[in-house]
Structures are given as C-alpha cells and as structure tokens.
Amino acid sequence: MPHFEALVHQHGPMIWRVCRALLPEQDAGDGWSETFLAVLRHWSAVAAADNVQAYLVRIAQRACADIGKRSARHIPMAQLPEQAVTDGYSRTELWQALARLPVRQRQAVIFHHLAGLPFSEVASALETTPTAARRASADGIATLRQRWSFEELS
Amino acid sequence: MTQLPPTLLAQLGDRAEAEHLIDIGYRIVDSPMGPLLLVATESGLLRIAFAAQDHQQVLEDLTQQISPRVMQLPRRLDIAARQLDEFFAGTRRDFEISLDLQLTGGFYGTVQRALAHVGYGRTLTYTELAAAAGRPAAVRAAASACARNPLPLVLGCHRILRTDGSLGGYAGGLDAKRYLLNLEATRTRLAVPD
C-alpha cells in the first residue's frame with residue numbers, strides 16, 4: 001500500500017472526474033476533498049480493500065451525495081429547476097445531457113466510463129447485480145446518443 | 001489524463017491539517033547544498049534529508065516506520081524553513097524549533113542527542129563524541145550514529161571529525177560538510193574579532 005499522498009496522485013484525477021460528474025461545478029472540489037479526508041479517517045479500511053480504486057469511488061459517491069443534499073437545502077424552492085439533478089451542470093452540452101439521465105443510469109455511466117470500474121465493481125457501488133449495472137450503463141449511453149444526435153440536428 | 005487543479009491539493013492539505021489527520025508532513029526547500037527534505041510530525045521536526053539520500057525513499061521509509069498518513073504540508077515547516085535559511089545566511093547559530101526525536105533510539109540515539117551539545121563553530125572527534133555519549137570505546141558506533149543522524153544540520157554531525165583532523169564522512173557529501181565547517185568558522189571569526 002502506498003502512502004496517502006501517493007494514493008492521491010494515483011487516484012486523484014479519476015476521483016476528480018467522478019466528482020465533477022456527480023456534483024455541480026462549484027461543489028466538485030468539496031466532494032473531492034471530502035473523499036480523501038474520509039480516506040484519512042478510515043485508512044485501515046481503505047488499506048484492507050480488495051480493490052482500492054472501487055472503494056475510493058464508493059467513498060466519493062457517498063461524499064458527493066452528502067454534499068448534494070447539503071447544497072440542495074440551500075437552493076430556494078422558487079429557483080429549483082424542473083429536474084433537481086440538472087442544477088449547476090453547465091460545462092458542456094454533453095455534461096448537461098449526462099446530468100439529465102436518471103440517477104441510476106448516470107451513476108453507472110460515470111462509474112464505468114469515467115472512473116473506469118468494471119461492471120462487477122459498478123454493481124457493488126450501486127448495490128445491484130453486474131447485469132443490472134451493465135444494463136443501466138448501456139441504457140444511459142443509448143439515451144446520451146439519442147439526445148446528442150437530436151440536439152445536433154435541432 | 002485529467003489534470004488536478006493545483007488548488008485542490010493545497011485545500012486538502014489545509015483541511016487535513018486542521019483535522020489533525022496527517023502524521024508525516026513534509027516540505028522541500030532549497031539550500032546551498034541542494035534541495036533538502038524537511039519532515040515534521042505534529043510534535044516537531046522529525047527528519048532532514050539531503051537529495052543524495054533520495055527524498056522519495058526517505059518518505060517511503062517513514063511510511064513503514066511511523067505512518068502512511070504522509071502529505072506535503074509546507075506551512076507545518078514554515079518555522080524550520082525560515083531558521084534554516086537564517087542558518088545558511090550565517091545569521092543563526094542555534095535552532096529554536098520543537099523536535100520529534102522518536103527516530104533517535106538506542107545507543108545511536110544517545111550519540112545523536114549528544115550532538116546537540118556541540119556548539120556552533122566547534123568541532124569534536126568521533127572519539128570525543130563516543131565519550132560524550134558515555135561509551136568512549138564505541139568510536140565506530142559513534143561514526144555510524146552520525147551517518148544515520150535523522151536531523152543533520154540541527155543535530156550538527158558536520159562538526160564531528162576524525163582524530164587526524166580529516167573530514168570522515170557525511171550523508172550530504174563531503175563538499176557539504178566542508179561548506180558547513182567553513183560557514184561556521186567564518187561566522188565565528190566574524191563574531192569574535194581580535
């Protein structure tokens with residue numbers, strides 16, 4: 001097991017992609033920091049994990065969910081968009097399209113395609129079966145393709 | 001490959017330090033003898049290493065010996081860095097920093113702690129150092145203890161010479177040892193004019 005900072009250098013960029021995909025831009029840095037602070041607080045569990053990368057993605061998912069709830073409470077009701085998941089996503093059209101996916105599909109796409117986890121690991125992160133994880137990811141990608149080509153045409 | 005925004009690491013370091021989550025904080029500073037690795041726990045300065053000692057390897061060893069909670073924390077080493085600058089500029093003779101002496105165990109440790117009493121500009125032989133540590137016959141052990149000094153510069157092992165006056169060894173290289181002896185000799189003469 002490398003030391004903490006080596007772990008940050010090794011997995012930090014991947015966790016950064018995950019946090020930017022799971023959280024609005026202004027909160028992504030918080031999600032990233034919270035993830036690695038949690039690593040420090042629970043080092044022995046991280047060191048004992050079979051797959052450190054997958055374990056980190058799960059920590060990031062939990063950290064981002066907490067931050068998402070916290071900042072959602074601070075948005076006045078009148079300003080809530082129709083779909084809460086879209087708030088703050090404004091980087092690119094693709095990012096916006098990703099944000100509009102159903103939560104399950106979005107997570108599966110992020111964990112598999114952005115974090116690079118195999119479906120067996122995506123499945124444990126989402127507490128589902130590998131088959132269901134693969135299907136959610138495939139559905140998500142299919143939706144992205146449809147919307148992408150539709151928006152390109154329109 | 002996604003690049004991390006540079007502020008992310010600094011923010012993480014600040015928050016981790018505020019929550020007392022980092023056991024081994026480090027910083028690399030420039031010096032006349034090349035880059036120096038400074039390492040501190042929350043109790044004090046733990047380790048100084050020369051580039052020749054391989055900074056990554058030193059951090060790796062501390063990971064095994066003390067804790068894997070390692071991170072670059074420049075601010076934890078502000079005072080040590082400033083006092084070393086002053087030392088190299090010749091304006092500081094004694095260090096006023098809290099030390100973490102947990103790496104100075106056993107007889108080597110006794111020798112290393114005895115180094116603290118060899119004043120600026122003075123020199124001792126390895127034989128005299130062995131005697132100061134309470135075992136006059138343990139000359140080779142005293143030399144090994146100097147070679148393994150976890151806090152060179154602060155515990156001044158550069159002030160220890162062979163009985164014939166030759167330099168002996170130095171973890172930072174003999175040029176570094178010569179540089180330090182010259183620095184201290186010059187400043188001592190300047191400070192006490194005839």
Side-chain angles (χ1 to χ4, degrees), chain A residues 1-23 25-49 52-53 55-57 59-60 63-64 66-67 91-92 94-95 98 110-111 113-116, chain B residues 1-29 35-43 46-47 49 53-77 100 102-103 150:
Chain A
M1 187 72 183
H3 59 64
F4 174 68
E5 193 177 67
L7 192 82
V8 173
H9 284 299
Q10 192 182 344
H11 298 290
M14 177 274 291
I15 294 295
W16 181 231
R17 287 195 295 276
V18 170
C19 292
R20 284 194 307 166
L22 288 174
L23 286 172
E25 192 158 13
Q26 69 272 13
D27 291 334
D30 247 2
W32 188 86
S33 291
E34 280 300 338
T35 301
F36 283 106
L37 289 169
V39 169
L40 284 168
R41 292 186 204 109
H42 308 286
W43 181 267
S44 50
V46 176
V52 172
Q53 186 186 355
Y55 198 80
L56 291 179
V57 170
I59 295 177
C64 290
D66 287 350
I67 289 168
R91 248 168 260 105
T92 65
L94 178 58
W95 231 247
L98 183 61
I110 289 169
F111 292 163
H113 293 280
L114 292 181
Chain B
M1 193 68 178
T2 317
Q3 287 300 307
L4 288 175
T7 49
L8 272 188
L9 276 172
Q11 278 166 14
L12 175 60
D14 286 347
R15 292 184 60 185
E17 178 76 319
E19 289 188 39
H20 309 285
L21 291 168
I22 301 296
D23 296 320
I24 305 287
Y26 76 90
R27 169 174 181 166
I28 293 169
V29 296
L36 293 177
L37 171 70
L38 312 182
V39 184
T41 63
E42 289 203 310
S43 352
L46 174 79
R47 185 83 171 86
Q53 293 172 296
D54 187 348
H55 294 167
Q56 287 313 313
Q57 187 57 51
V58 171
L59 291 174
E60 205 45 59
D61 293 345
L62 293 172
T63 301
Q64 304 301 325
Q65 288 168 45
I66 296 177
S67 164
R69 291 178 167 82
V70 174
M71 195 174 190
Q72 187 168 356
L73 290 181
R75 252 174 264 171
R76 188 186 280 190
L77 290 139
D100 182 334
Q102 63 172 301
L103 296 174

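Since the structure is predicted, the reported quantities are computational estimates derived from the model, not experimental observations. Letters go in sequence order (proteins before strands), and every chain restarts at 1.
Taking CD1 of B:Ile22 as the start and CD of A:Glu5 as the end, the distance is 8.5 Å to the nearest 0.5 Å. Between the CZ atom in B:Arg15 and the CG atom in A:Leu40 there is a gap of 11.5 Å [rounded to 0.5 Å].
Scanning all heavy atoms of the two residues, the minimum distance from B:Arg69 to A:Trp43 falls at NH2-CB, 3.3 Å.
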| task | Please assess A:His9 against B:Leu9 for the test side-chain contact (heavy atoms from CB on, under 4.5 Å), listing each intermediate value before the final yes or no. | result | CA-CA 9 Å; A:His9 284 299; B:Leu9 276 172; 3.7 Å; yes
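A heavy-atom distance below 4.5 Å is not found between the side chains of A:Phe36 and B:Leu8.
Applying the salt bridge (Lys or Arg N to Asp or Glu O under 4.0 Å) test to every pair with at least one member in residues 4-14 of chain B, sequence neighbours left out, gives these pairs: B:Asp14-B:Arg75.
For B:Glu19, the side chain to side chain donor-acceptor pair (under 3.5 Å) criterion is met by A:Arg41, not counting sequence neighbours.
Within the 4.5 angstrom heavy-atom criterion, only side-chain atoms of A:Trp32, from C-beta onward, approach chain B.
For the set B:Leu12, B:Thr63, B:Leu62, the entry with the most heavy-atom pairs within less than 4.5 Å of chain A is B:Leu12.
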